[in-house]
Amino acid sequence: MAKIKGTVIVDKERCKGCEVCVVSCPCQVLKLSSEVNGKGYHFSYMENPEACTGCASCAIICPDSCITVYRQKMA
Amino acid sequence: MAAEVEIKEENLVYGKNRLIKDNIMHYCPGCSHGTIHKLVAEVIDEMGLEGECIGVSPVGCSVFAYNYIDIDWAEAAHGRACAVATGIKRMYPNKMVFTYQGDGDLAAIGTGETIHACNRGENIVVIYVNNAIYGMTGGQMSPTTLVGMKTATTPYGRDPRLHGYPYKVADMVAHLEGVCYVTRQSVHTPANVRKAKKALRKAFENAMAGKGLSLVEFVATCNSGWKLSPVAANQWLEENMFPSYPLGDIKDI
């Protein structure tokens, strides 16, 4: 069965680690990294990439426009 | 079967709008301003008004809005954004003119300018970001602070006998004849962001159609001023702000 899969790319240096995307994700894909970016913020990353459906909820709520979402129908 | 989603243009669902500049915003992590800036940029881009739009930025946290959205801007003196926007709109009646103001700018020092611009029915859009606190100066009480809310200048909570009641600008200007559209929105969940974008688009369309002034109030968070984490601030917003500032259209003609 064809399955819709998504992925997100987080601009690590723009991310301020506010965690709003993490709680907005309906599939619990995102998490804050234990590493920090150049400004000392724990940036968001895909902890569970398999579960992403590309719904873009994280990117829509992101105040710093640092999330780009891609979605593809898998064969 | 490809195991990974290919990163290419045709698979793109959502990304940073081209009108949002690459400058990293100075706002605190999780600030509602970032999301509202993004909505403004998206609506302007979708309506193709990039070259026709003039924004007026206020004094407050959003004073540097001109650094983040790639359109023409003017910077107004504190509270005078509606007056400046009136002048610009009258000089350039075909341009889309909007103001972007916080509660300290619009509801405190600029109340007079705002009410008179509304009453004159200028064909502008007023974007009003209400977070019930003075964010930039360190979290003092603003006219829209909730009763009982603790701020730097009301450490025991706002007492109506001493400080009066929260000032509901949107409800008040809805009574004026020059105003065609008043709505209250929020950006604390993805669903609310989508609704807010539709409302903002409608306001911009009204201004271009010359129907009168549209005021879009965003009930927003100030997590630094409220001394909460961004996620806790969004919950606090839902529990405490919405009873005083209920969402929805207040006037739509």
Side-chain angles (χ1 to χ4, degrees), chain A residues 1-33 36-44 46 49-75, chain B residues 1-42 61 68-69 186-197 220-221 223-224 228-235 237:
Chain A
M1 200 183 98
K3 196 184 164 203
I4 302 285
K5 256 193 88 176
T7 191
V8 304
I9 294 176
V10 180
D11 185 339
K12 285 182 196 173
E13 290 305 315
R14 271 184 94 86
C15 180
K16 292 177 186 161
C18 68
E19 216 180 353
V20 171
C21 57
V22 176
V23 297
S24 298
C25 177
C27 308
Q28 286 81 47
V29 173
L30 296 165
K31 209 180 158 189
L32 290 192
S33 165
V36 292
N37 65 13
K39 289 199 166 180
Y41 292 123
H42 294 277
F43 54 84
S44 156
M46 286 181 95
E50 287 304 309
C52 182
T53 59
C55 71
S57 290
C58 52
I60 285 169
I61 195 110
C62 177
D64 294 286
S65 307
C66 53
I67 303 181
T68 313
V69 184
Y70 294 89
R71 176 156 58 179
Q72 194 176 5
K73 201 171 181 180
M74 293 300 178
Chain B
M1 176 183 157
E4 296 292 322
V5 178
E6 291 171 79
I7 307 301
K8 52 185 182 184
E9 189 65 30
E10 67 236 46
N11 291 342
L12 181 70
V13 182
Y14 193 97
K16 184 165 83 71
N17 190 279
R18 66 190 179 92
L19 293 183
I20 294 279
K21 293 187 189 174
D22 289 333
N23 304 337
I24 294 178
M25 294 185 184
H26 73 283
Y27 302 120
C28 306
C31 179
S32 304
H33 272 309
T35 317
I36 301 167
H37 279 20
K38 194 167 71 168
L39 292 185
V40 173
E42 285 173 9
C61 286
Y68 306 130
I69 307 179
S186 83
V187 291
H188 72 296
T189 65
N192 285 89
V193 176
R194 287 192 168 98
K195 275 187 214 158
K197 187 173 167 185
T221 62
N223 52 70
S224 306
L228 294 168
S229 74
V231 173
N234 282 346
Q235 281 168 357
L237 174 93

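We name chains A, B, ... by the order of the sequence lines, and we start the count at 1 in each one. Every heavy atom of this structure was used, including side-chain atoms; hydrogens, water molecules and symmetry mates were not.
- For A:Lys39, the part lying near chain B is the side chain, with the backbone staying farther off; criterion is any non-hydrogen pair under 4.5 Å.
- When all heavy atoms of A:Val29 and A:Ala51 are compared, the pair lying nearest together is CG2-C, 3.7 Å.
- The most heavy-atom pairs under 4.5 Å with chain B, out of A:Ser57, A:Cys15, A:Pro63, A:Gly54, come from A:Pro63.
- Between chain B and the options A:Ile9, A:Val8, A:Val69, the largest number of non-hydrogen pairs under 4.5 Å is found for A:Val69.
- For B:Ile20, the part lying under 4.5 angstrom from a heavy atom of chain A is the side chain only.
- Residue B:His37: no heavy atom, backbone or side chain, is found under 4.5 Å from chain A.
- Contact detail for B:Glu6 and B:Asn11: the closest heavy-atom pair is O-ND2, 2.9 Å.
- Summarising the geometry of A:Lys16 relative to B:Ile24, their closest heavy-atom pair is CE-CG2, 4.1 Å, with the distance given to 0.1 Å.
- Listed options A:Ser24, A:Cys62, A:Ala56 were ranked by heavy-atom pairs under 4.5 angstrom with chain B; first place goes to A:Cys62.
- Top candidate by heavy-atom pairs under 4.5 Å with chain B, chosen from A:Thr68, A:Ile60, A:Val22, is A:Ile60.
- Scanning both residues, B:Leu19 and B:Ala41, for their nearest heavy atoms gives CD1-O, 3.6 Å.
- Counting only heavy atoms from C-beta outward, the side chains of B:Lys16 and B:Asp22 approach each other to under 4.5 Å.
- B:Thr35 has its side chain within reach of B:Val193: a pair of non-hydrogen atoms, C-beta onward, lies under 4.5 Å apart.
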